Every structure is written in C-alpha cells, then in structure tokens.
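In listed order, ligands and their atoms are each counted from 1. Numbering starts at 1 and runs along the sequence shown. Note that the structure is predicted; figures quoted are calculated from it, not measured.
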Amino acid sequence: MSALEQEKERIAIVTGGASGIGLAAVERLLADGYRVIGADRNGEQLANLTQDKPEVAWRELDVSSQTEIDGFRQEVDSRFGCPHVVVNAAGIMQDNVPLDAMDMEEHDRIWDVNYRGSFLMCRNFGLAMSALGRGVLINIASITALRPLPLFAYGPGKAAVVSMTESLAGHLGPSGVRVNAVAPGFVLTPPIKAKIEAGLRDAEDLSRSAALQRMVTPEEIAEAIAFLVSDRAAAITGITLPVDAGWLAGSSWGTYGGLRVSEQTQDSRTRNQEGME
Ligand code: NAI
C-alpha cells in the first residue's frame, strides 16, 4: 500500500480493547470507518475476539512494559503506518481497603498500568504523530481523579493521568497533535459487575449519587471518545471530559440529605405504575 493510500485509511489503536470501555471504543471506531488495532494483555480473551471480530487487528501487549511497547510501535509502524488515534483504555481497578491494609505491590502495579502504561503509549505514539503533524491521543481517567474517594492508589494515579494529558497537550499541540481525557463515572463493565456480584459494591449505591440516578454504559463512554477524536473536536485539547451521569454534580448532596426525586415526579411515577397494573 502506498503512503498516500495509507493516509486515506485512518488507523486507531485501542489498548484494553478486549473488554469493557476499550471494547466499546473498538466497536465505535470500527463503525466510524477506522482500521482498528486492539491491544490487550488478556491473551485468552484476544483468542476469542480474533474469531468473533476478525476485522480488528488484535495484539497481545502489556502497556506497562517499555520493551513491549517499543516492539508494538515498530510492528504498527511497518504494518499500518503511524496511527491517527490512540485510545488508552487499558487499566486495572482497586479494592476499597483501609489505608493500613494497602499492599504496596498492588499500589505500584496500579500506577504501572494506569499511569505509566498510558504515558508510555502517549510518548511513543505522540512523538511519531507529532513528526507527521497530526493525530489524537485519548486517555481514560476517572471521576476519582476529580473528587476524593478511598482509593489511595487508583485515585491519585488517575489524577496523574489528567495532569499528564494537560502537559502533553501543551507539548504536542504546536505540532498539531491533540491530547484529551475522558473521566467515566461508574460504568457497568466486567470488573464492576464482578464486584457487584461478589457483594463488594452495591449497584444502588453507585447510581444514587449520580444526578441522573444511574450508571453509565460503555457505549456512552465510546460516544465521547468518538467525538473527541473527530474533527468536530478540532479545537479541543488538554481537557478531561466527565461522562458520569451527573455523579460530579450529585456526589456532594449527601451533606444535605442526598439527591431526592421531587414529590411531583414521585406522584406521577406512582400514577403511571398504577395505570400499568
Ligand atoms: P475492563 O477490565 O473491562 O477492561 C480493561 C482491559 O484492560 C482488560 O481487557 C484488561 O485485560 C486490559 N489490561 C489490564 N492491564 C493491562 C495491561 N497491563 N496491558 C494491556 N491491557 C491491560 O475495565 P473497564 O471498566 O473497561 O476499564 C477501562 C478503563 O476505564 C480503565 O482505565 C479504568 O480505570 C477506567 N474506568 C473505568 C470505570 C468503570 O466504572 N468501569 C470508571 C472510571 C474509569
């Protein structure tokens, strides 16, 4: 394929592409016409996806390893050319443990994947994009970066992702590369589902503090990603866009007794329910 033909084909890399938000982003970018490379460390899941979605170039990759990222970038460069879009959705969660029970190996692993992994991807592919004068990097932060929660490794690690997004937007902006982040609220993906099923999280609790009284779907996060990578967002760089069903707006209402559905709405809901019975 000639260099000109390659430029016509828009290439997108999605890390953490084998599950949850990453997988929704893969599907959304495919629908938008991108040639998608899905990278993930979960080899078993990649084997299934290779059967189910052969139109995606699936690659096994640990984003916390500089050596693996170097090899991955060389392969992408020779097979597909410099990507137009990189979405860093690879990440791991943290259990809500007391401060004195925080295991430092787990702490470091969370930073290695969530912060270091995103930084390594941004640095490697951002520099290649800047040499061509185009490209968009998307990091997946979290509302835990914007409000304190008892997740002592995960929250500060995500705050560092926000800060890195802003720094890199400044550094890469003059060459035409945009860098933004999305901060999801609580999204029903496999790790959150597993915590709910194990009784470690309560779906009601996760919804109650959000203004819209619900969790977010992976597709709604993918929609924000699709917007931020598109030309519709051509003037947007260095921001973190919350997609949280209004969790940031509602989470502090506990001080005043929590969010409440108005009496009028409650009455009309009851009437509707009675009408349906
Ligand atoms: P998920 O577990 O469904 O997907 C994460 C994917 O990342 C998995 O396929 C996993 O194998 C992969 N991964 C983990 N470590 C990796 C590594 N070292 N190298 C390459 N791939 C690796 O989780 P989910 O919920 O889709 O999370 C995606 C991102 O969104 C994460 O950064 C997470 O912190 C963030 N997020 C999720 C929220 C939620 O409520 N689900 C809320 C806020 C942020």
Quick check: does [X] get an N/O under 3.5 Å from an N/O on ligand 1?
X: K158; result: yes
X: P191; result: no
X: S19; result: yes
X: V113; result: no

Which ligand 1 atoms are under 4.0 Å away from a heavy-atom of [X]?
X: I21; answer: 26 (O), 30 (O), 37 (C)
X: G20; answer: 3 (O), 26 (O)
X: G16; answer: 6 (C), 7 (O), 12 (C)
X: P190; answer: 3 (O)

Can you tell me the protein heavy atom closest to [atom] and the distance?
atom: atom 25 (O) of ligand 1; answer: T189 OG1, 2.5 Å
atom: atom 33 (C) of ligand 1; answer: Y154 OH, 3.5 Å
atom: atom 29 (C) of ligand 1; answer: A89 O, 3.3 Å

Exercise. Going by an N to O cut-off under 4.0 Å, is there a salt bridge joining R28 and E219?
Worked result: no
Exercise. Thinking salt bridges, do D95 and K195 make one under a 4.0 Å N-O criterion?
Worked result: yes
Seminar exercise, completed: Checking heavy-atom distances from atom 21 (N) of ligand 1 to each of R41, Q45, K193, the winner is R41
For this session: Can you see which heavy atom on E55 is nearest to which on R35, and at what distance?
Result: O-NH1, 3.2 Å
Exercise. Atom NZ of K53 and atom CG of L46: how far apart are they, to the nearest 0.5 Å?
Worked result: 13.0 Å
Whether the side chain of [X] engages the backbone of [Y] through a donor-acceptor N/O pair (distance < 3.5 Å, no angle test) should be reported.
X: H84; Y: I11; answer: yes
X: D40; Y: A18; answer: yes
X: N139; Y: A141; answer: no

Problem set entry | Under 3.5 Å side-chain donor-acceptor pair for Q74 and R79 | no
Exercise. Out of curiosity, is A24 lining ligand 1, as in a heavy atom under 4.0 Å away?
Worked result: no
